[in-house]
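All values below come from the heavy atoms of this structure, side chains included, with hydrogens, waters and symmetry mates left out.
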Amino acid sequence: MYRFLHSSDLHLGKAFGTYPEAIRNRLREARHDAIARLAQAARDGGAGAVLLAGDTFDAETPAPDTLRHALRAMAAEADITWIMLPGNHDSLAATELWRRIAQDGPANLRAITSPDPVELAPGVMVLPAPCTQRRPGRDLTEAMAAPTPEGCLRIGLGHGAIADFSGEDGVAGIIAPDRAQRCGLDYLALGDWHGRMEVNGSTWYSGTPEADGFKHSAACCALLVTLDGTARVRPVETGSMGWQTVTLDLLPGDDPLARLDGALPPLRLRRNLLVRLVATGRLPLSDRAALDAAAQAAAPDFGWFGHDLSGLATEARPDDLDGIDRAGALRQAAEALLAEAGDPDRSATERAVAASALSRLYALAQEVGA
């Protein structure tokens with residue numbers, strides 16, 4: 001029997017450049033702190049090794065402090081053995097990165113820079129497929145057919161896709177989904193896909209231990225793997241920052257504020273959440289303006305909050321426009337925006353901008369008139 005922790009795609013040093021500075025710093029720090037959380041997850045599960053299946057670093061040339069802090073954090077978990085595989089973001093083409101890791105890495109870190117089998121423990125062999133470059137163009141996991149001593153456990157460690165989603169046939173570099181069976185592996189630990197995914201009972205993507213976007217809804221985790229004649233896999237949550245998409249499909253007669261309040265998480269959870277609100281359907285102008293205002297009011301409670309009302313059509317009655325102004329320049333502007341918001345000859349983006357502007361104009365008029 002052998003037990004280890006499978007993780008991947010830490011992407012240390014990821015910039016998160018499209019987000020405000022305050023949350024960027026928190027997201028980068030959360031990714032660094034994932035090292036200690038992975039070590040504790042391994043320890044709690046009775047595992048002495050963490051296998052990192054590629055993309056430990058976000059770039060081939062991470063900042064010196066990013067690399068130094070990562071190596072020091074692994075060194076601090078001295079009872080854990082770290083097995084680090086080059087991925088497509090930090091491939092072997094980054095010769096200086098791997099030279100520095102070999103030079104400065106702690107004794108409990110083993111950087112895998114060749115496809116040769118590696119003894120992880122007595123009777124346990126890792127068969128690695130380090131990424132040679134960003135797009136290798138072939139299935140590197142073919143190397144996992146390498147022979148190992150009879151009777152030992154065989155653990156494959158690779159990085160890349162097992163399916164191509166472009167719809168093209170014959171795309172090079174795709175990992176065979178049955179690689180574990182072809183090469184007699186007891187388990188195949190894969191990285192690249194940032195969400196947890198079971199390919200088959202002995203082949204898994206662990207996903208990233210700390211979320212970096214809204215694409216994957218499941219909680220971030222590592223996989224505690226026990227090999228004892230079969231592969232038993234147990235997800236262990238490791239994420240500290242949550243990413244959540246809240247969707248509201250609204251129609252006239254709905255109470256958008258009650259719907260929003262019911263969909264958002266409790267106050268005590270909000271600081272560590274990034275939330276994207278997406279509203280669709282249609283609402284009267286007054287209700288849309290109220291929803292927009294409520295979303296803006298809730299935003300500071302969260303680590304980050306964005307709301308997209310571009311899919312929400314606006315219904316405006318004459319008395320709604322009267323709420324902005326009965327005549328004059330403001331009334332003319334409101335009528336022009338209403339016409340643009342419903343103009344089928346305009347792009348969806350232009351209509352959404354017009355609807356949003358009309359909603360803001362209505363809200364401002366209500367504030368001034370209050």
Should we say atom CD of Glu21 is surrounded by more than 12 heavy atoms from elsewhere, each under 6.0 Å from it?
no

Is it true that Arg271 and Asp301 have a side-chain N and a carboxylate O under 4.0 angstrom from each other?
no

Exercise: do Thr61 and Glu96 side chains pair donor with acceptor under 3.5 Å:
no

Work out which heavy atom in Leu38 is nearest to a heavy atom in Leu5; give both atom names and the distance.
O-CD2, 3.3 Å

Trp82 and Ile80: which non-hydrogen atoms are nearest, and at how many Å?
CD1-O, 3.6 Å

How long is the gap from CG on Leu85 to OG1 on Thr56, to the nearest 0.5 Å?
8.0 Å

We want to know whether Asp292 and His307 form a side-chain donor-acceptor pair, criterion being a heavy-atom distance below 3.5 angstrom.
yes

Determine, for Arg182 against Asp178, whether the closest basic-nitrogen to carboxylate-oxygen distance falls under 4.0 angstrom.
yes

State whether the side chain of Arg259 and the backbone N or O of Leu248 hold a donor-acceptor pair below 3.5 Å, judged by distance alone.
no

Is it the case that Asp249 and Thr280 place a side-chain donor and acceptor less than 3.5 Å from each other?
yes

Say whether Leu127 and Ile162 are linked into one hydrophobic cluster, either directly or through other cluster members, by side-chain heavy-atom distances under 4.5 angstrom.
yes

Enclosure of Arg135 CZ (heavy-atom neighbours >12, cutoff 6.0 Å):
no

Pairing of Asp79 and Arg43 as salt bridge, 4.0 angstrom limit:
yes

So, does Arg3 use its side chain to make a donor-acceptor pair with the main chain of Val225 at under 3.5 Å?
no

Side chain of Asp139, backbone of Thr141: donor and acceptor closer than 3.5 Å?
yes

Checking side-chain polar atoms at under 3.5 Å, does Arg31 have a donor or acceptor matched by the opposite partner on Thr208?
yes

Are Ser8 and Ser206 close enough that a side-chain donor and a side-chain acceptor fall under 3.5 Å?
yes

Does one side chain, of Ser310 or Asp308, offer a donor that lies under 3.5 Å from an acceptor on the other?
yes

Could you check whether atom CZ of Arg234 has more than 12 heavy atoms from other residues, nucleotides or ligands sitting under 6.0 Å from it?
no

Heavy atoms of other groups near Gln296 CD, more than 12 under 6.0 Å
yes

Pair Ser91, Arg134: side-chain N/O donor-acceptor within cut-off below 3.5 Å
no

Establish whether Leu330 and Leu285 are linked, either directly or via other cluster members, by ILVMFWY side-chain heavy-atom contacts under 4.5 Å.
yes

Spell out, yes or no, whether Val50 and Tyr2 are grouped together once hydrophobic residues are joined by side-chain heavy atoms under 4.5 Å, including indirect joins.
no

With rounding to the nearest 0.5 angstrom, report the CG to SG distance, Leu92 to Cys131.
8.0 Å

Whether the Asp212 and His11 side chains hold a donor-acceptor pair (N or O, under 3.5 Å, no angle test) is what I'd like checked.
no

Distance in Å, Leu337 CG paired with Glu335 CD, rounded so as to fall on 0.5 Å steps:
10.5 Å

Short side-chain to backbone donor-acceptor contact, Asp287 and Pro284, under 3.5 Å:
no

With distance as the sole criterion, is a donor-acceptor pair present between the side chains of Arg37 and Thr238 under 3.5 Å?
no

Side-chain donor or acceptor of His159 paired with backbone N/O of Gly87 under 3.5 Å
no

Glu29 vs Asn25, test: side chain to side chain donor-acceptor pair (under 3.5 Å). Steps then yes/no.
CA-CA 6 Å; Glu29 195 63 22; Asn25 292 335; over 6 Å; no

Distance under 6.0 Å and angle within 45° of the ring axis: does Arg24 meet both against Phe16?
no

Quick one: closest heavy-atom pair of Phe305 and Ala295, and the distance?
CE2-O, 3.6 Å

Residue pair His194 / Tyr205, side-chain donor-acceptor N/O under 3.5 Å
no

Give me the atom names and distance for the closest heavy-atom approach of Cys183 to Met144.
CB-O, 3.5 Å

Using modelled atom types only, decide if a donor and an acceptor are shared between the side chain of Trp243 and the backbone of Lys215 within a distance under 3.5 Å.
no

Say you draw a straight line from CZ of Arg232 to OG of Ser202; how long is it, rounded to the nearest 0.5 Å?
15.0 Å

